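Please read the structure below before turning to the comments.
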Amino acid sequence: MAELTSTKLNAESHLLLDQPLLRMPYELSRRNFKNAQRLIEHSTTSFTSSLQSTTKAASKTDDPAQTLESLDAMITKMQGLKRKLSNLQEEEARLHKAAKARLQHLQDLHEVQSLVDVKYDEWSRVRLSRLLVDYLLREGYADSAACLARSKGIEDLVDVDAFVACHKIERSLREGQSTALALEWCKEHGKELKKGGSMLEFELRLQQYIEMVRAGHESGVAGMEDVFKEGVRIGEGGGEAKLMEARAHAKKYLSASGDFELLGRAAGLLAYRPWDEVEPYAVSPVPLPSHCPLNVKTRWTHLASLFLTTHHTLYSLPPRPLLHIALSAGLSALKTPACHSAFTPSSTNASSSTTTVCPICSTELNELARNVPYAHHTKSIVENDPVVLPNGRIYGSERLRVFNEKVGTERGWVRDPVGGTKEELWRESEVRRVFVL
């Protein structure tokens, strides 16, 4: 009975990390439905208006050629609508297939009753493959992730296309190329972003304004004579036109933000050029909030990070790779105070006759486990006849005696098996017995 209880599978605890598994296809399916709905509503309005116009024109003319031409144009538009809806239908079918496969994957776990069942090992391998694909996608190795998914037959259990699209937008921002892709994404998810109070679209519009101002100043450098107009120093010619365009852009997209301090710093870009020795514009022509450094490259990096955070929040994706979260949970179950002790681990101690197989103490995982909590042990196992050394470590007296005989410790002295060196010896009289209550 004890063995059956210890190996019983709790499916709910295993699925704590698998919430994004169903959330992503749901969000993608909802967005696909909204696109179809928007397309149908727009086309219905357009077709109704065209049909009414054609009907009125046909009643007032005796020439059927014009009426046939209008009808042909309407038929062409309807065929285009059909093609677009067919593509959306194919995408919907693909998302439904993925959702069905993921539900079946989770159902397979609920049908496993024991941790020692062969089916649980198979399910765990599939989940490990999913975690590896998720890690590769987050790190930007989309081709490797796709190959791994194909080789394991888990294409429906991972979101390769969604992450590829996400990283395409993130890369365009991080490299300082354009905000067009990110703004298009914001337009598609406008209602959700507004409901969540996201500042992503405002930050992107602000970056557009910054680039307009910079282009205006740079284009007016050659032969430009500074003039003062409406209290703002601007240049003549093309530079002036670009600065006026920047002002119109700010009035349209930035004035409703309510952050008057930021708007004042943004307006200052019109007066002070990037090469003017006036803070904060002397460092760079970027009016960032007070918590952001005034640096052009950092500004684009800030936008890329903000987009990733907004994207993952919208799709209920954790900010860290699921593989790291799973490793942290496993490491926390094994971690003890000895894993990060100031004493040298026995595996790296040349004078020690023991070796450690603890994953926490390994060089690969030791740093990753440094910030995870210690394991919560409800039961402890103590060796027979325990004794405590002056440094606080507790060992069984027989184990301590055998170790010191193997390493050749002088009679009447004791050395610590884990961290002890030749200089760290204690007399046997300093070793105290431990009584467990």
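Here the structure is a predicted model, which means the values were calculated and not measured.
Counting only heavy atoms from C-beta outward, the side chains of E398 and N384 never approach each other to under 4.5 Å. Between V414 and L425 the shortest side-chain heavy-atom distance does not fall below 4.5 Å. By the 4.5 Å heavy-atom criterion applied to side chains, T301 and R174 are counted as neighbours. Inter-residue side-chain proximity for V431 and V388 is flagged as unmet; no heavy-atom pair is nearer than 4.5 Å. Counting heavy atoms from C-beta on, the side chains of D385 and R433 come closer than 4.5 Å. By the 4.5 Å heavy-atom criterion applied to side chains, L204 and W185 are not counted as neighbours. Side-chain atoms of H302 and R299, non-hydrogen and from C-beta on, do get closer than 4.5 Å to each other. With contacts defined as side-chain heavy-atom distances shorter than 4.5 Å, the pair R94/K97 does not qualify.
When all heavy atoms are compared, the tightest approach of L308 to C166 is CD2-SG, 3.6 Å. Contact between R415 and F403 at its shortest, heavy atoms only, is O-CE2, 3.7 Å. Scanning all heavy atoms of the two residues, the minimum distance from D416 to Y395 falls at OD1-OH, 2.5 Å. The nearest pair of heavy atoms linking L81 to L39 is CD1-CG, 3.5 Å. Taking every heavy atom of both residues into account, L206 and L254 meet most closely at N-CD2, 3.8 Å. Residue P386 comes nearest to I394 through the heavy atom pair CB-CG2, 3.9 Å, listed as atom of the first residue, atom of the second, then distance.
The NZ atom of K84 lies 7.0 Å from the OG atom of S43; values are rounded to the nearest 0.5 Å. Atom CZ of R138 and atom CG of L322 lie 5.5 Å apart (nearest 0.5 Å). Taking CG of N35 as the start and CG of L85 as the end, the distance is 11.0 Å to the nearest 0.5 Å. The distance from atom CG of L193 to atom OG1 of T313, rounded to the nearest 0.5 Å, is 10.0 Å.
Comment: D159 does not engage R23 in a salt bridge, judged by the lack of any side-chain N to carboxylate O separation of less than 4.0 angstrom. A salt bridge does not link E122 with K119: none of the charged nitrogens is closer than 4.0 Å to a carboxylate oxygen. A salt bridge is absent between D134 and R130; no separation between the charged side-chain nitrogens and carboxylate oxygens falls under 4.0 Å. Classification of R31 and E27 as a salt-bridged pair fails, no side-chain N sitting under 4.0 Å from a carboxylate O. Using a 4.0 Å cut-off between charged side-chain N and carboxylate O, E192 and K195 make no salt bridge.
By the neighbour-count criterion of 12 heavy atoms within 6.0 Å, atom OH of Y135 is sparsely surrounded, having that number or fewer from other residues, nucleotides or ligands. The environment of M78 atom CE is sparse: at most 12 non-hydrogen atoms of other residues, nucleotides or ligands sit within 6.0 angstrom. Environment of CZ in R30: crowded, with over 12 heavy atoms of neighbouring residues, nucleotides or ligands closer than 6.0 Å. The number of heavy-atom neighbours closer than 6.0 Å to CZ of F47, taken from other residues, nucleotides and ligands shown, is above 12. Residue Q89 qualifies as open at atom CD: its count of foreign heavy atoms under 6.0 Å is 12 or below. Residue H42 qualifies as open at atom NE2: its count of foreign heavy atoms under 6.0 Å is 12 or below.
For the residue pair Q104 / D108, a side-chain donor-acceptor distance below 3.5 Å is found, with atom types taken as modelled. Side-chain polar atoms of E92 and H96 form a donor-acceptor pair below 3.5 angstrom. With hydrogens and angles left out, the side-chain atoms of E203 and Q207 include no donor and acceptor closer than 3.5 Å.
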Steps toward side-chain contact (heavy atoms from CB on, under 4.5 Å) verdict (L400, L389): CA-CA 10 Å; L400 197 62; L389 299 179; 3.9 Å; yes
I'd like to know whether E211 forms a side-chain contact (heavy atoms from CB on, under 4.5 Å) with T179, so could you lay out the CA-CA distance, the side-chain angles of the two residues, the decisive distance to 0.1 Å, and finally the verdict. CA-CA 10 Å; E211 297 300 327; T179 59; over 6 Å; no
Where do L243 and V213 land on the side-chain contact (heavy atoms from CB on, under 4.5 Å) test, with the steps shown first? CA-CA 6 Å; L243 292 177; V213 174; 4.1 Å; yes
side-chain contact (heavy atoms from CB on, under 4.5 Å) between I169 and E184: does it pass, once the steps are laid out? CA-CA 10 Å; I169 300 175; E184 183 179 353; over 6 Å; no
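Between H189 and Y315, the angle of the ring planes goes over 60°, which puts this pair in the perpendicular group of the 30/60° scheme.
Checked by atom type and distance alone, the side chain of H249 pairs as donor or acceptor with a backbone atom of R205 at under 3.5 Å. Between the side chain of W123 and the main chain of L106, no donor-acceptor pair closer than 3.5 Å is present. For the pair S29 (side chain) and P25 (backbone), a donor-acceptor distance under 3.5 Å is absent. A donor-acceptor pair is defined here as one N or O able to donate and one able to accept, closer than 3.5 Å; no such pair exists between the side chain of N32 and the backbone of L28. Between the H311 side chain and the F163 main chain, no donor and acceptor come within less than 3.5 Å of each other. Using modelled atom types, no side-chain atom of S49 and backbone atom of T45 make a donor-acceptor pair closer than 3.5 Å. Checking side-chain atoms of R102 against main-chain N and O of V158 turns up a donor-acceptor pair under 3.5 Å.
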Going by atom type alone, with no hydrogens or angles, which donor-acceptor pairs under 3.5 Å involve a side-chain atom of residues 141-152 and a protein atom two or more places apart or on another chain?
residue: S151; atom: OG; partner: C147; partner atom: O; Å: 3.2
residue: S151; atom: OG; partner: L148; partner atom: O; Å: 2.8

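Annotation: salt bridge (Lys or Arg N to Asp or Glu O under 4.0 Å) contacts of E175 (sequence neighbours excluded): none.
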